[in-house]
Engineer: 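Take a look at this one; I'll ask things after.
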Protein chains: 2
Amino acid sequence: MKKRRVTINDIAQELNVSKTLVSMVLNGKGDDNAINKETQKKVLDKAKELNYKPNQVARGLRTGTTKTIGLIVADISNPFFARITRTIENYAEKAGYNIIVCSSDENDDKENALLRTLINRQVDGIIMSSTQQDTSKIEEIVSDRMPLVLFDRKFENAKYSSVTVDNCEATRSAIDHFVSNGHKNIGFITLAPSHISPLIDRKRGFIQAMEEQNLTIDSENILELGFYDLKDKQYYQIKDFIEKHQDLTAVFTANNSIVVGCMEAMNNLGRSIPEDLSIITFDDVELFKYTNPPLSSIAQPLEDIGKNSVSILLNQLKNDNTETQHIVLNTTLNIRQS
Amino acid sequence: MKKRRVTINDIAQELNVSKTLVSMVLNGKGDDNAINKETQKKVLDKAKELNYKPNQVARGLRTGTTKTIGLIVADISNPFFARITRTIENYAEKAGYNIIVCSSDENDDKENALLRTLINRQVDGIIMSSTQQDTSKIEEIVSDRMPLVLFDRKFENAKYSSVTVDNCEATRSAIDHFVSNGHKNIGFITLAPSHISPLIDRKRGFIQAMEEQNLTIDSENILELGFYDLKDKQYYQIKDFIEKHQDLTAVFTANNSIVVGCMEAMNNLGRSIPEDLSIITFDDVELFKYTNPPLSSIAQPLEDIGKNSVSILLNQLKNDNTETQHIVLNTTLNIRQS
DNA sequence: TTTTCTTACTAAAACGATTTAGTTTAGCCT
DNA sequence: AGGCTAAACTAAATCGTTTTAGTAAGAAAA
């Protein structure tokens, strides 16, 4: 036997007042509307007595705001996204918002379907790390219906606010580190064909750094894994690459999943890090401190990424502020033993 | 200038029919209600033309179902929960549900507040890994309002359906493995005072296995870290323990965060795994394959945990089926080099 | 010929809140 | 005495659906 929820009407009836009055009082607008202090107290007491809890769905229908934020990431089980999700949750909660989490699996159609779902659910705003090439489809779906903030990945046209890191600069600093340790033959493993902005910028950073250091860039030394390929296939490409390029003394990997494949390949080829090959990777994961050897990596400020995404969104919600902001955060190069 | 959403009314007006008819047709109840095929087609076409999308909030208010599942975990950034969340998301999506994710931070009050929030949001059901000692508070809040499924952790009174693993048996198999490798002095590191069911069962498993193997259980060899202590404090306790118990040749750690502290302590004490101390830990994490040395661990069937949780919940939603189910899944012992 | 059944449709209530546009009473001013 | 204001409150509309309880017209059954 499901209990019927207590509504504002129940309170109104028990006290013989109108539900208008009850609503006003419970929303703290009692004084503004000249409701008698005593009546206000009666309402508040009765609400507590009956354990009244406002029905957010009804409120959402009437006010058009659901106090919900939609979050779309490629995969919530990726620690990078999981940790950002956590900070987004925290900051959203402080402002009374809950989040609906969705994984797009790097699939454009799925991402668009998720956008539509979130819009139908009337979320107040969306935070997303988009997998798409451009904003055309997104604009069509979202079409000024609600604020959208991008993180990690952004678009050329800068139409939506974004929170990213300086991927180019970060990568350059890693390459510079290699060079200052005497490396000249430096490889680069990334994903392609890829329109994902951080991956583009990381590659750009690699090339810029190599040029500035007057090192020749042999396109043979750049491995571009198929973006949509299975982990298995990517692994064999990495292993192949490492086997064929024994002249390389260092390699930079463009994200945390590539470097895992790289370690596995080194293991299976019986080669050791860093004696046979030095590695620095983009993205830091807690366990990189304990791998064999501890991995040098570029750590992104996950907390700040989440925090800024939420604050931009909330700001846009509050002020109906359409001005887009683009925040670029700094990374940290953690040199360990790889 | 925000666009007004297209509603069912817009369709009705443009076609000069009632919104009742439109609603029926769009919900596939046209035939049941003897709506003319031609009229049905007109409605469907117009809906497509205007790009009509049902407002889930309004629908939720009327029908009382929001097609939303609430998910409460201790911390979404913990890979254990992140991966389960991902599978829950997948299976929920197949049935048309979205999930609202919340982290309780192992805090009873926060967990209760989250339960209340989810109920006010009219989620259709809740999946939770509870941090609480018993169900009294939970029953008070949820009070038959909606189905609740527990995973990872369950309660003595078996009031709510649950999906767990056989923690006792899994731990025993790990200890047996130690013994068959010649270990006699085996330590155990867990959290306490803890009412968390998997932790209780893991300790029980340890003690049972030791007794069966006729090994003496020295309470000195069991370290119970403060459940609510900071990571830092826990770390120093672990380091202390390892330093003082050089007689131990093997240690079992009760979860993935403890083992990380353990590795760090071994590192800093200049002792090596497994030469000076063998380790097996509960929980498996992708990178355990690449740590130094690769860690032996008990892997939980994360996919199955998520899948079963969702299917029990959906089943309870569909059939208004109050019968509780308790599913206990098996784990895998991954022996690596620690 | 009246009654009953289909077929095809609709008006209005309902979900639970918020908001708009009032009403009533008393007190004050002139 | 009549008008005006402030205080305290309320009726009804509204948000966008779904659902209940119909109606109207023509066909079939009695």
Side-chain angles (χ1 to χ4, degrees), chain A residues 2-43 46-47 50-68 96 119-124 145, chain B residues 2-43 47 50-68 119-124 145:
Chain A
K2 261 191 195 170
K3 274 191 218 166
R4 205 179 59 75
R5 289 178 61 100
V6 176
T7 74
I8 220 171
N9 249 312
D10 298 327
I11 298 178
Q13 278 177 14
E14 289 217 19
L15 294 176
N16 269 312
V17 295
S18 71
K19 56 182 177 178
T20 308
L21 186 150
V22 175
S23 171
M24 285 167 165
V25 172
L26 294 178
N27 284 302
K29 297 180 187 159
D31 289 343
D32 294 357
N33 291 81
I35 309 295
N36 191 308
K37 288 278 184 204
E38 271 178 46
T39 318
Q40 292 200 41
K41 185 164 177 346
K42 271 196 281 182
V43 170
K46 184 59 81 177
L50 299 182
N51 193 25
Y52 167 78
K53 293 282 149 50
N55 179 330
Q56 286 292 348
V57 176
R59 179 179 280 177
L61 177 58
R62 176 65 239 231
T63 63
T65 76
T66 53
K67 286 287 186 175
T68 309
I119 289 172
N120 299 343
R121 284 174 175 276
Q122 303 262 76
V123 298
D124 295 336
R145 254 188 267 273
Chain B
K2 263 193 193 168
K3 275 190 216 167
R4 204 178 60 75
R5 290 177 63 98
V6 175
T7 75
I8 219 170
N9 247 313
D10 299 327
I11 299 178
Q13 279 179 12
E14 289 215 20
L15 295 175
N16 268 315
V17 296
S18 72
K19 55 183 178 178
T20 307
L21 186 151
V22 176
S23 171
M24 286 167 164
V25 173
L26 294 177
N27 285 302
K29 297 180 188 160
D31 288 344
D32 293 357
N33 291 82
I35 309 294
N36 190 309
K37 287 279 185 205
E38 272 179 47
T39 318
Q40 292 199 43
K41 187 166 176 344
K42 272 196 281 180
V43 170
L50 299 181
N51 192 25
Y52 168 78
K53 293 283 148 49
N55 180 329
Q56 285 293 348
V57 176
R59 179 178 280 175
L61 176 59
R62 175 65 238 227
T63 64
T65 75
T66 52
K67 288 285 187 178
T68 309
I119 289 172
N120 299 344
R121 284 173 175 278
Q122 304 260 78
V123 297
D124 296 336
R145 254 188 267 271

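Only this structure's heavy atoms are used, side chains among them; waters, hydrogens and symmetry mates stay out. Naming convention: chains lettered A, B, ... in sequence-line order (proteins, then strands); numbering from 1 in each chain.
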Engineer: At under 4.0 Å, does any side-chain N or O of T20(B) touch on OP1 or OP2 of dT10(C)?
Structural biologist: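 Negative; the distance criterion is not met.
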Engineer: How close do V43(B) and L15(B) get, heavy atom to heavy atom, and via which atoms?
Structural biologist: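 Smallest heavy-atom distance, with atoms named: CA-CD1, 3.7 Å.
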Engineer: Quick one: is T7(A) getting a side-chain N or O under 4.0 Å of the dG16(C) phosphate, OP1 or OP2?
Structural biologist: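 For dG16(C), neither OP1 nor OP2 has a side-chain N or O of T7(A) closer than 4.0 Å.
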Engineer: Does I35(A) offer a backbone N or O that forms a donor-acceptor pair with the side chain of N33(A) under 3.5 Å?
Structural biologist: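 It does not hold such a pair.
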Engineer: Quickly work out the Q13(B) CD to dG16(D) C1' distance and round it to whole Å.
Structural biologist: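 In whole Å, dG16(D) C1' lies 13 Å from Q13(B) CD.
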Engineer: Name the nucleic acid region contacted by N16(B), choosing base, sugar-phosphate or nothing; use a 4.0 angstrom heavy-atom cut-off, strictly under.
Structural biologist: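 Sugar-phosphate, no base atom in range.
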Engineer: What's the closest nucleotide to the side chain of M24(A) if the choices are dT20(C), dT17(D), dT18(C)?
Structural biologist: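 Closest nucleotide among those given: dT20(C).
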Engineer: With a 4.0 Å cut-off on heavy atoms, is K37(B) in touch with a base, just the backbone sugar-phosphate, or nothing at all?
Structural biologist: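 Here K37(B) touches no strand at all.
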Engineer: Begin from the C-alpha positions of T68(A) and R121(B) and carry the test side chain to side chain contact (heavy atoms under 4.5 Å, CB included) through to its verdict.
Structural biologist: CA-CA 10 Å; T68(A) 309; R121(B) 284 173 175 278; 2.7 Å; yes
Engineer: Are K19(B) and dA12(C) close enough that a side-chain N or O sits under 4.0 Å from OP1 or OP2?
Structural biologist: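 No, no such contact exists.
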Engineer: Reckon V17(A) touches a base, only the sugar-phosphate, or nothing at all at heavy-atom distances under 4.0 Å?
Structural biologist: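 Sugar-phosphate contact only.
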Engineer: Nearest heavy-atom pair of K67(B) and D124(B): which atoms, and what distance?
Structural biologist: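 Residues K67(B) and D124(B), closest heavy atoms: N-OD2, 2.7 Å.
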Engineer: On DNA chain D, compare the nucleotides closest to N9(B) and A34(A); which residue's is nearer the 5' end?
Structural biologist: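 The residue mapped nearer the 5' terminus is A34(A).
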Engineer: Take atom CG of L61(B) and atom P of dT17(D), then tell me their distance rounded to the nearest Å.
Structural biologist: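 Computing the L61(B):CG to dT17(D):P distance gives 12 Å.
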Engineer: Can you tell me if the side-chain N/O atoms of R62(B) get under 4.0 Å from OP1 or OP2 in dA14(C)?
Structural biologist: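 For R62(B), the contact criterion (side-chain N or O under 4.0 Å from OP1 or OP2 of dA14(C)) is not met.
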Engineer: Grab the CG-C1' distance between N120(B) and dA17(C) for me, whole Å please.
Structural biologist: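 Nearest whole value for this atom pair: 13 Å.
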Engineer: Out of dT18(D), dG16(C), dT19(D), which nucleotide sits closest to the side chain of K29(B)?
Structural biologist: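 For the K29(B) side chain, the nearest candidate turns out to be dT19(D).
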Engineer: Tell me whether the side-chain N/O atoms of N33(B) come closer than 4.0 Å to OP1 or OP2 in dA8(C).
Structural biologist: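 No, outside the criterion.
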Engineer: Nearest to the side chain of N36(A), heavy atoms from C-beta on, is which of dG16(D), dA11(C), dC9(D)?
Structural biologist: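 Of the options given, the side chain of N36(A) lies nearest dC9(D).
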Engineer: Need one value for T63(A): base, sugar-phosphate or nothing, where a base atom within 4.0 Å counts as base even if backbone is also close, heavy atoms only.
Structural biologist: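 Here T63(A) touches the backbone only, sparing every base.
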